[in-house]
Amino acid sequence: MAEDRRLESLLNGLASELDWPPTPDLRSAVARRTAGRRRPGLPILLLAAALAATLAGAAAVQAYRGLQGASVSRVPAISSARPPPPSAPSPPSGVAASLALGTRYGSLDEAAAAAGFTPLVPTALGSPDEVYFRPEGRIVTLLYHPRPDLPATSEAAVGALVMEAPAALPDSPFVKAVGPQTSVRPVTVNGGAGYWISGAPHAYFFYRDGLDDRFRLAGDVLIWDQGRLVVRIESSLSESQAMAAAGSVR
Amino acid sequence: VEGLSAGDAETVERARRGDAAAYAELVQRYTEMAFRTAYLVTGSAADAEDAAQDAFVKAYWALPRFRAGGSFRAWLLRIVGNEARNRRRAAGRRAALELRLAGGLRAAATDPSPEAAAEASEERRALVGALNRMTEEDRQVISCRYLLQLSIEETAAALDIPEGTVKSRLSRALGRLRGLMEPVHG
């Protein structure tokens, strides 16, 4: 009936004109009451840092922008809170601690034994200067010191981080990033799907299988599927240089 | 109130696997919907806030029981509605909800003249007045469906009644609302 439709139209129009009480911000309270307790059988990955980041920025999470299969959520700030350090036999120190890289191992083989997979090395970058493994997310990190062909990043002691974990990139990656200049571009690396993410001084990347992790450096990131691993290179290298490094993994 | 997000399924799945950031996203996404739904039931902003918060916490621990492929919004609204009704029962009082128009409303863009704008404004005031005179049962079903723009399924979940009951109750409530409006128009 026309009268019903008009009344429904009036009611729909009223939805945005009512004086509702201010909507409270429940995130902190809910996070407090759900954090620190673990649902049986459910892995909690980087919970503290991821939640801290969300809480810091979520109030102003802007529109999600589809970008060739990827989504970028722009936020005004992401907390500088670091992920909790892993329960390592020998606690890391210095930049490794601040970047939450995990436990330092004396060799790639030792890290591989701890991780349960063989890390790949971008031979174009040479042998890593330091090797770490963090049980949360099973992330192996190859740390390269700055050198003439590998400029320092936002961390003066780091030229590049190559991080690897047994995971898979999502079909539609979700990146939470600071800054209007962030761009995400799909690329193909060694036959695997990947993304070149630039202009993201601080960002989180969400993987398909419940794993999310933040980028460590204020640089650009190349991330791609390499067999059963996800590999990412964070550095100050250009896209073509990063692609060349990625193409040299063995 | 936001519409159904295409990203719900993925976010819920991540939250189910223990991703706290994903759950924080869901809390952010649905706080307004949950709070306003609870407000319609309790009639108190403070009770609504408590009910919504409790609902989000309970939903978190119940996530493993959420049926994949189902509507997360409807599932959450059922928990919110229950929490709000429990809180209201515990308070031992009837909801004293009074809907009000926000102040300083601008004329709708479609209003062709100041006279038409004034008439539309008067019509909105009359509509709110009529809603406030309705029974609580009628007002809740109309508010959920139109003011919160919930689907039939979501309205049924929030009010804990079958979808068929939502449809019949809506139909009757709209008829009564029209009746309450007529003296103004007449």
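All values reported here derive from a predicted model rather than from experimental measurement. In what follows, every chain begins at residue 1, and chains take the letters A, B, ... in the order their sequences are listed.
Summarising the geometry, atom CG belonging to B/L177 is positioned 10.5 Å from atom CD belonging to A/E8; distances are rounded to the nearest 0.5 Å. In this structure, CG in A/L18 is found 5.5 Å from CG in B/L147, a value given to the nearest 0.5 Å. Note that CZ of A/R6 and CE of B/M181 are 7.5 Å apart. Values are rounded to the nearest 0.5 Å. In this structure, OG1 on A/T23 lies 10.0 Å from CD on B/E49, to the nearest 0.5 angstrom.
Of all non-hydrogen atoms in A/R33 and B/D54, the two that sit nearest each other are NH1-OD1, 2.9 Å. The two atoms that bring A/P22 and B/F35 nearest to each other are O-CE2, 3.6 Å, heavy atoms only.
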Subject >> Evaluation steps, side chain to side chain contact (heavy atoms under 4.5 Å, CB included), between B/Y60 and A/V30 >> reply: CA-CA 9 Å; B/Y60 178 81; A/V30 173; 5.7 Å; no

Original post:
Can B/L148 and A/W20 be said to form a side chain to side chain contact (heavy atoms under 4.5 Å, CB included), step by step?
Top reply: CA-CA 11 Å; B/L148 298 183; A/W20 295 99; 3.8 Å; yes

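Among residue pairs with one or both ends in residues 162-174 of chain B, those qualifying as salt bridge (charged side-chain N to carboxylate O under 4.0 Å, His left out) are B/E137-B/R169; sequence neighbours excluded.
For the options A/P21, A/A29, A/A15, heavy-atom pairs under 4.5 Å to chain B are most numerous at A/P21.
Annotation: B/R100, atom CZ; neighbour count of heavy atoms from other residues, nucleotides and ligands within 6.0 Å does not exceed 12.
Interface remark: A/L11 contributes backbone and side-chain atoms alike to the contact with chain B (heavy atom separation under 4.5 Å). Heavy-atom distances place no part of B/A48 under 4.5 Å from chain A, backbone and side chain included.
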